[in-house]
Structure formats: structure tokens, C-alpha cells
Amino acid sequence: MANQPILVPILGDQLTRTLASLKGRTKDDTVILMMEVWDEASYVKHHKQKIVLIFSAMRHFAAELREAGWTVDYVKLTDDDNSGSFTGEVARAIERHDPRAVHITEASEWRVQQAIEEWPDKFACDVGILPDDRFLCPHSEFRDWAEGRKHLTMEHFYREMRRKTGILMTQDGKPKGGDWNYDKDNREPPKGDLNPPPVLKFEPDDITREVIDLVGAKFADHFGDLEPFGWPVTRDEAEQAADAFFTERIEKFGPYQDAMVHGSDDMFHSMLSTSINCGLLDPLELCERAEQAYEDGKAPLNSVEGFIRQIIGWREYIRGFYWLHMPGLESDNKLNAQRALPEFFWTGETDMRCLSDCIRSTRENAHAHHIQRLMVLGNFCLLSGINPRDVQDWYLAVYADAYDWVELPNVSGMILYADGGNLATKPYAASGNYINKMSDYCKECRYSVSKKTGDDACPFNPLYWHFMDRHRDRLASNHRIGRIYSNWDRMDEEKRADYLTSAEKFLSGLEPASEGWARD
Ligand code: FAD
Ligand code: DLZ
Ligand code: SF4
């Protein structure tokens with residue numbers, strides 16, 4: 001090792017061999033620093049499997065780097081003198097290695113980036129902060145795109161990303177198949193026996209087992225089942241999971257993207273978000289593979305386009321939106337939602353079958369698929385007026401793929417309309433009808449989805465009208481939703497009163513969550 005190396009800290013969601021801060025570095029003058037720190041593991045009480053996933057993936061990544069000849073200084077959570085924070089650990093590493101500079105790839109989260117931006121003042125050596133080029137749209141490009149637009153419509157952004165990457169584009173710059181978006185073909189309800197193939201799970205090896213024991217001992221009071229644990233924790237495993245998706249699941253991914261079946265936790269979804277978000281899989285590569293599956297005749301265009309839109313459309317848009325609106329996004333509460341999150345979000349103990357199944361999957365797998373997060377759990381929080389902070393904490397804590405940059409815009413903008421409609425053009429509000437159409441939940445629910453009011457009525461029905469009624473001032477002028485008020489106004493007064501009293505009775509019976517589930 002030459003005198004005074006470059007110190008390269010790599011964070012838990014930067015587990016990529018081609019990371020910006022590693023590009024161009026040579027093995028003989030670089031010390032890579034990886035840190036398990038208490039602050040990150042406990043600022044919110046992450047699902048146990050999420051901590052296992054990150055620590056195990058970090059330890060495997062460190063081992064791979066060492067095998068490839070890199071010097072890795074790895075700080076374990078239980079190491080003596082671990083200061084508990086990124087800044088504290090970089091300070092200690094500077095003392096150990098006396099580097100001439102620290103090079104870090106920018107953090108994905110605002111909270112962590114704020115801390116990193118203080119490093120140049122804190123440390124005596126140079127600090128270089130590099131843009132994270134694993135995302136396709138740099139911050140400045142998103143800001144330029146957003147500049148002067150009245151509404152940040154995802155579809156417009158998505159088309160830009162299609163043009164920029166050339167993904168699913170013809171030689172003469174047209175969308176393949178003639179349309180940009182095949183969402184209309186992607187709303188099949190779950191009819192008959194769909195039999196999605198079981199998702200690939202990986203047996204924990206010695207490294208993962210050690211981490212499972214650590215998490216069992218140190219994070220016993222965190223939400224969620226620790227085992228069975230089967231998430232991919234290496235690039236090789238993540239690639240196998242991607243292979244399985246592209247051979248077994250992608251064909252039906254599109255049509256059944258919005259479908260929900262009791263006990264079928266993944267349907268035809270890719271289950272790749274945990275691997276993409278921590279850096280094991282490259283999002284652009286996945287889109288290229290999806291396009292290849294279409295070109296090879298192995299998957300229909302509606303499935304392939306749907307998958308690509310989620311990644312180069314929604315994922316990139318969500319990230320751009322986050323950085324454009326932080327830090328304000330965190331405290332936005334334009335609908336003035338003040339109710340506490342109900343206790344059953346943590347225990348799963350509710351007679352509402354749709355919610356209890358989504359919460360069960362969340363507890364068992366640290367995962368629920370998109371439409372469960374949006375139209376069951378999210379819809380309930382929106383209609384019931386749960387305060388954004390509680391909802392943000394819940395989603396951040398319970399999902400293995402959750403990081404502030406992706407959870408927050410989805411929660412605050414997409415499900416709660418807490419940003420007043422910057423992200424979504426209208427609230428994703430729905431009565432029990434939608435859930436009944438897109439799932440098999442209602443058949444065996446103790447509530448009746450066809451009943452509109454009263455103790456046996458599906459709670460989503462009165463909650464829907466309660467929500468519409470209490471936000472009339474804000475929503476009536478929205479051209480995508482305004483028409484709904486003519487239906488409301490056509491009902492007789494007694495019926496409207498019935499809806500409102502049923503909803504209020506239900507809401508007053510909700511037990512607020514006890515302290516300590518999400519944060520100490
Ligand atoms: P697939 O359905 O197979 O989709 C493919 C990929 O597209 C995903 O892996 C993901 O990378 C991307 N994607 C799809 N939708 C979105 C979206 N809305 N935002 C960003 N990326 C998207 N996703 C996270 O990765 N982390 C989160 O913390 C997160 N929180 C969410 C909170 C709410 C309230 C909602 C409604 C959605 C949230 N999502 C989040 C988006 C989405 O639910 C998950 O990405 C998806 O369920 C992951 O499963 P999958 O890999 O099987 O996805
Ligand atoms: C999610 C997480 C957890 C639980 N623990 C760590 C950790 O101890 N060390 C680490 O480097 N990363 C961890 N992460 C992921 C980070 O929260 C994530 O990389 C940053 O917050 C991104 O801004
Ligand atoms: Fe959910 Fe209502 Fe259907 Fe029950 S009846 S499963 S509460 S939508």
C-alpha cells in the first residue's frame with residue numbers, strides 16, 4: 001500500500017462493484033471502509049429481515065472485494081469502540097489509515113447526505129462526493145425537466161427516459177409496438193387458478209446465519225419474523241432471482257400486476273427491489289434483459305413495457321421527486337391528517353381480511369406487493385386520515401426494500417396526497433368495490449363488501465364517502481375527481497348521514513398504536 005491511500009466509505013445500499021467512488025481507483029492505494037453502525041440500524045426500528053439483508057449483503061460484498069484484491073476495513077456492529085455513526089466511523093478510519101482524501105458516492109437519502117456534506121469541515125483531509133451514476137437521471141437533469149412544469153406527470157418523464165436510454169424504442173425514435181404505455185392491458189382481476197411459480201429463496205449460509213443470530217439478539221423488539229430468511233444477499237444470488245423472473249414470471253407480470261390473491265404474496269412480481277436498492281442488481285441491465293425477453297418472443301409487450309416503466313419511469317421519477325422536494329416533503333400534510341396509525345398495522349389483528357393478509361405478508365416476508373401497499377394499506381391510511389409521520393415510519397420500518405428516498409414520495413405523494421397533488425393528479429381513493437374486483441379477499445371477509453353502511457358493511461365503503469365529504473373544498477375542483485360529488489349530492493340526505501355516521505363509528509373504534517413500535 002502506498003503512503004496515504006484514498007479512503008472509500010461504501011454504504012449499505014452501495015454494494016456495486018462499479019460504484020462511482022470505486023471507478024478509476026487502484027487496489028494498491030485504496031482502503032475501502034464498510035461500517036455496521038447503530039444509528040442506521042436503529043433510527044427507525046427496521047424489520048428484522050431488512051437488517052439481516054443489509055448486514056449480510058455488506059459482509060458478502062466485503063468478502064468478494066477482499067477476494068478480488070481490495071483492502072477492506074470492515075467495522076462490525078459489535079466491534080469495540082464502534083462509535084455508532086457513519087461520521088464517527090470515518091473519523092476513526094482516518095486516524096487508522098491517515099488517508100490523503102476520502103472519496104464517497106453521494107448518499108441516496110437526504111438525512112445521510114446532510115451528514116456527509118459536513119465532512120469537509122470536520123476532517124483535515126480532502127473529501128470528494130461523487131454523483132451516484134447507478135441512477136439514470138442525475139439530480140440536475142430532473143430539476144431541469146421539472147423546471148416550469150405545472151404538474152410533474154410521471155408519464156411525460158418516463159417518455160424522456162425511454163428516449164434517453166433507447167429502451168423499447170425503434171430505430172426512428174418511436175415506441176416499440178406503437179404505444180408508449182400498455183397499462184390498460186395490465187388490469188386483469190385474478191380469475192381461476194393462477195398458480196404463480198414460487199419465488200426463488202436462498203438458504204442462509206454461514207455469514208447470513210451469523211447475522212441472523214446477531215439480529216435475533218440485538219433487535220428482538222423490532223417488528224417482523226426473523227426467519228425463514230431467503231432474500232438474495234450476493235450479486236450471484238440476485239442474478240439467479242432475476243433469471244427466474246425472466247424465465248418464469250415476466251410473461252404474466254403485466255396482466256396480473258394489480259391482482260391480489262389471499263396468501264399469494266408475490267403473484268407475478270419480480271421481487272427484485274431489495275436487490276436493486278442495495279446495489280446488487282443494475283436497474284438498466286434489468287430493463288435491457290426485459291426488452292430482450294420481448295425481442296426473443298418470450299414475454300409480451302404489455303408485461304415488458306410494464307416492468308420497464310416501473311424501473312426507468314416510476315423508480316427514477318420517485319428519486320428525482322424526492323430530491324426536488326426534500327426536506328419539505330417529510331412534513332407535508334396538506335390534508336391535515338391527524339389520526340394515529342392503528343395498532344393493528346403492527347399486530348395484524350383486524351377483521352378486515354384484505355388488511356390482515358397484507359400485514360401478515362409484511363410481517364412474514366418484509367414485503368407486500370405494490371397494489372397491496374397502494375390500494376389496501378395505503379388506501380386505508382388515506383381514507384382514515386392517518387397522519388403522514390406515522391405512515392412514513394411504518395412503511396420505512398416494515399419493508400426490506402425501504403429507504404427514505406423511495407418510501408417517502410410513495411407514502412407522502414402517492415398514497416396520502418399529503419403534498420397536495422404534486423405527485424399524483426388525484427388521490428388513489430377507492431371503496432371496497434375496487435378491492436373486491438381486483439382480489440379474492442372479500443369472499444371470506446367478516447364484512448360485506450356489498451353493504452354500504454352499518455356495522456357489517458365493508459369499512460372502505462363509508463370511509464370512502466367520509467373522505468370525499470371532508471375534503472370537498474380541496475377536491476371538488478379537481479377535474480379527475482370532481483364528478484364524484486354529483487353522485488354524492490344525488491344521494492338523499494339520510495343516506496349521506498348514514499355513510500358519515502358509519503365511518504365515524506368505525507374510526508372512533510380504532511385503537512391507536514402503542515409507542516415504541518417504529519421508534520424508541
Ligand atoms: P415489481 O412489481 O416487480 O416492479 C419492478 C420494480 O419497479 C421494483 O423492483 C422497483 O424497483 C420498481 N418500482 C415499482 N414501483 C415503484 C414505485 N412506486 N416507486 C419506486 N420504484 C418502483 N419500493 C421500494 O423499492 N422501496 C420502498 O420503500 C417502497 N415503498 C413503497 C410505499 C408505498 C406506499 C407504495 C405504494 C409503493 C412503494 N414502493 C417501494 C414501490 C413498490 O411497491 C415496490 O417497489 C415493489 O412492491 C417491489 O416489489 P417488486 O420488486 O416485486 O416490484
Ligand atoms: C438500512 C441500513 C441499515 C439497517 N444498517 C446499515 C449499516 O449499519 N451500515 C450501512 O452502511 N448501511 C446501513 N443501512 C443502509 C443505509 O441506511 C443506507 O445505505 C443509507 O442510509 C443511504 O443513504
Ligand atoms: Fe377488505 Fe372490505 Fe373486502 Fe373485507 S369486504 S376484504 S374489508 S375490501
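Treat the numbers as computed from the prediction; the structure is a model and nothing was measured. Just follow the structure's listing: the first ligand is 1, and inside any ligand the first atom is 1.
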Checklist line | For R111, the ligand 2 atoms whose distance to one of its heavy atoms is below 4.0 Å | finding: 21 (O)
Note to self: Please determine whether any non-hydrogen atom of P409 lies less than 4.0 Å from an atom of ligand 1.
What the structure shows: no
Notebook entry, point to check: Who gets closest to atom 8 (O) of ligand 2 by heavy atom: L11, D13, V37?
Noted result: V37
Next item on the list: Could you tell me which atoms of ligand 2, counted from 1 in the order shown, lie closer than 4.0 angstrom to a heavy atom of A107?
Entry: 23 (O)
Check: Among all protein non-hydrogen atoms, which one is nearest to atom 22 (C) of ligand 1, and what is the separation to 0.1 Å?
Finding: Q310 O, 3.9 Å
Check: Hey, are D183 and R187 close enough for a salt bridge, meaning a charged N less than 4.0 Å from a carboxylate O?
Finding: yes
Next item on the list: Please name all residues satisfying side chain to side chain contact (heavy atoms under 4.5 Å, CB included) with E155, sequence neighbours left out, ordered by chain then number.
Entry: T153, Y158, R159, W180, N181, R309
Note to self: What's the separation between atom CG in L272 and atom CD in Q310, rounded to the nearest 0.5 Å?
What the structure shows: 12.5 Å
Next item on the list: Could you verify whether a donor N or O on one side chain and an acceptor N or O on the other, from E305 and Y294, lie under 3.5 Å apart?
Entry: no
Note to self: Closer than 2.8 Å to atom 1 (Fe) of ligand 3, what protein N/O/S atoms do you find?
What the structure shows: C354 SG
Next item on the list: Could you tell me if the ring centre of Y441 sits under 6.0 Å from that of Y447?
Entry: no
Next item on the list: Check whether the side chains of N277 and D13 place a donor and an acceptor atom closer than 3.5 Å, and report yes or no.
Entry: no
Note to self: Among all protein heavy atoms in this structure, tell me which lies nearest to atom 53 (O) of ligand 1, with the distance rounded to 0.1 Å.
What the structure shows: S270 OG, 4.0 Å
Margin query: Under a 4.0 angstrom heavy-atom cut-off, which atoms of ligand 1 come close to F253?
Written below: 1 (P), 2 (O), 3 (O)
Check: Taking the minimum heavy-atom distance to atom 27 (C) of ligand 1, which of D401, I312, I371 ranks first?
Finding: D401
Margin query: Within the 4.0 Å heavy-atom shell around M35, which atoms of ligand 2 are there?
Written below: 7 (C), 8 (O), 9 (N), 10 (C), 11 (O)
Notebook entry, point to check: Is atom NZ of K426 surrounded by more than 12 heavy atoms (other residues, nucleotides or ligands) closer than 6.0 Å?
Noted result: yes
Notebook entry, point to check: Is it the side chain (CB and beyond), the backbone, both or neither of P283 that lies under 4.0 Å from ligand 1, heavy atoms counted?
Noted result: neither
Check: Between the candidates H370, H369, M414, M154, which shows the shortest non-hydrogen contact distance to atom 42 (C) of ligand 1?
Finding: H370
Notebook entry, point to check: With distance as the sole criterion, is a donor-acceptor pair present between the side chains of T18 and T16 under 3.5 Å?
Noted result: no
Margin query: Can you tell whether the side chains of K298 and E251 come within less than 4.0 Å, N to carboxylate O?
Written below: no
Checklist line | Where ligand 2 meets I54 - atom numbers and elements under 4.0 angstrom, heavy-atom basis | finding: 1 (C), 2 (C), 13 (C), 14 (N)
Item checked: Between H262 and E444, a side-chain donor and acceptor under 3.5 Å -> no
Next item on the list: Would you check if the distance from the ring center of F223 to the ring center of W346 is below 6.0 Å?
Entry: yes
Next item on the list: Pull out every atom of ligand 2 sitting under 4.0 Å from any heavy atom of E36, numbered as shown with elements.
Entry: 8 (O)
Item checked: Residue S273 vicinity, atoms of ligand 1 by number, heavy atom under 4.0 Å -> 9 (O), 25 (O), 48 (C), 49 (O), 51 (O)
Next item on the list: Give me the one residue out of P189, S450, C442, S431 that meets side chain to side chain contact (heavy atoms under 4.5 Å, CB included) with N436.
Entry: C442
Margin query: Yes or no: does Y399 have any heavy atom under 4.0 Å from an atom of ligand 1?
Written below: no
Notebook entry, point to check: For ligand 1, which part of N277 has a heavy atom less than 4.0 Å away: the side chain, the backbone, both, or neither?
Noted result: side chain
Margin query: Nearest non-hydrogen contact with atom 20 (C) of ligand 2 belongs to which option: E109, M34, Q113?
Written below: E109
Next item on the list: Indicate whether the side chain of Q14 and that of T105 have a donor and an acceptor atom separated by less than 3.5 Å.
Entry: no
Next item on the list: Please work out whether any backbone atom (N, CA, C, O) or any side-chain heavy atom from C-beta onward of M58 is under 4.0 Å from ligand 2, and answer side chain, backbone, both or neither.
Entry: side chain
Next item on the list: Kindly determine whether I129 and H103 satisfy side chain to side chain contact (heavy atoms under 4.5 Å, CB included), including the steps that lead there.
Entry: CA-CA 6 Å; I129 306 173; H103 287 181; over 6 Å; no
Next item on the list: Kindly identify the option in H367, E316, M271, H269 whose heavy atom sits closest to atom 49 (O) of ligand 1.
Entry: H367
Next item on the list: State which residues pass side chain to side chain donor-acceptor pair (under 3.5 Å) with D419; sequence neighbours excluded, sorted by chain then number.
Entry: none
Check: Does a salt bridge link E188 with K252, judged by any charged N lying under 4.0 Å from a carboxylate O?
Finding: no
Next item on the list: Verify side chain to side chain contact (heavy atoms under 4.5 Å, CB included) between I415 and L382, making sure each step is shown before the conclusion.
Entry: CA-CA 6 Å; I415 64 170; L382 172 76; 5.7 Å; no
Item checked: Residue part near ligand 2, for W405, under 4.0 Å between non-hydrogen atoms -> neither
Next item on the list: Find all atoms of ligand 2 within a distance of less than 4.0 Å from any non-hydrogen atom belonging to S108, and give their numbers and elements.
Entry: 22 (C), 23 (O)
Check: Looking at L272, which atoms of ligand 1 are within less than 4.0 Å of one of its heavy atoms?
Finding: 51 (O)
Notebook entry, point to check: With a cut-off of 4.0 Å, which atoms of ligand 1 are near a heavy atom of A402?
Noted result: 27 (C), 28 (O)
Notebook entry, point to check: Which of the numbered atoms in ligand 2 are below 4.0 angstrom from a heavy atom of G12?
Noted result: 10 (C), 11 (O), 12 (N), 19 (O)
Checklist line | Numbered atoms and elements of ligand 2 in range of H46, under 4.0 angstrom, heavy atoms | finding: 4 (C)
Next item on the list: Please name all residues satisfying ring-ring contact (aromatic ring centres under 6.0 Å, His included) with F245, sequence neighbours left out, ordered by chain then number.
Entry: F253, F307
Margin query: So, 4.0 Å and heavy atoms of F86: is ligand 2 close enough to count as a contact?
Written below: yes
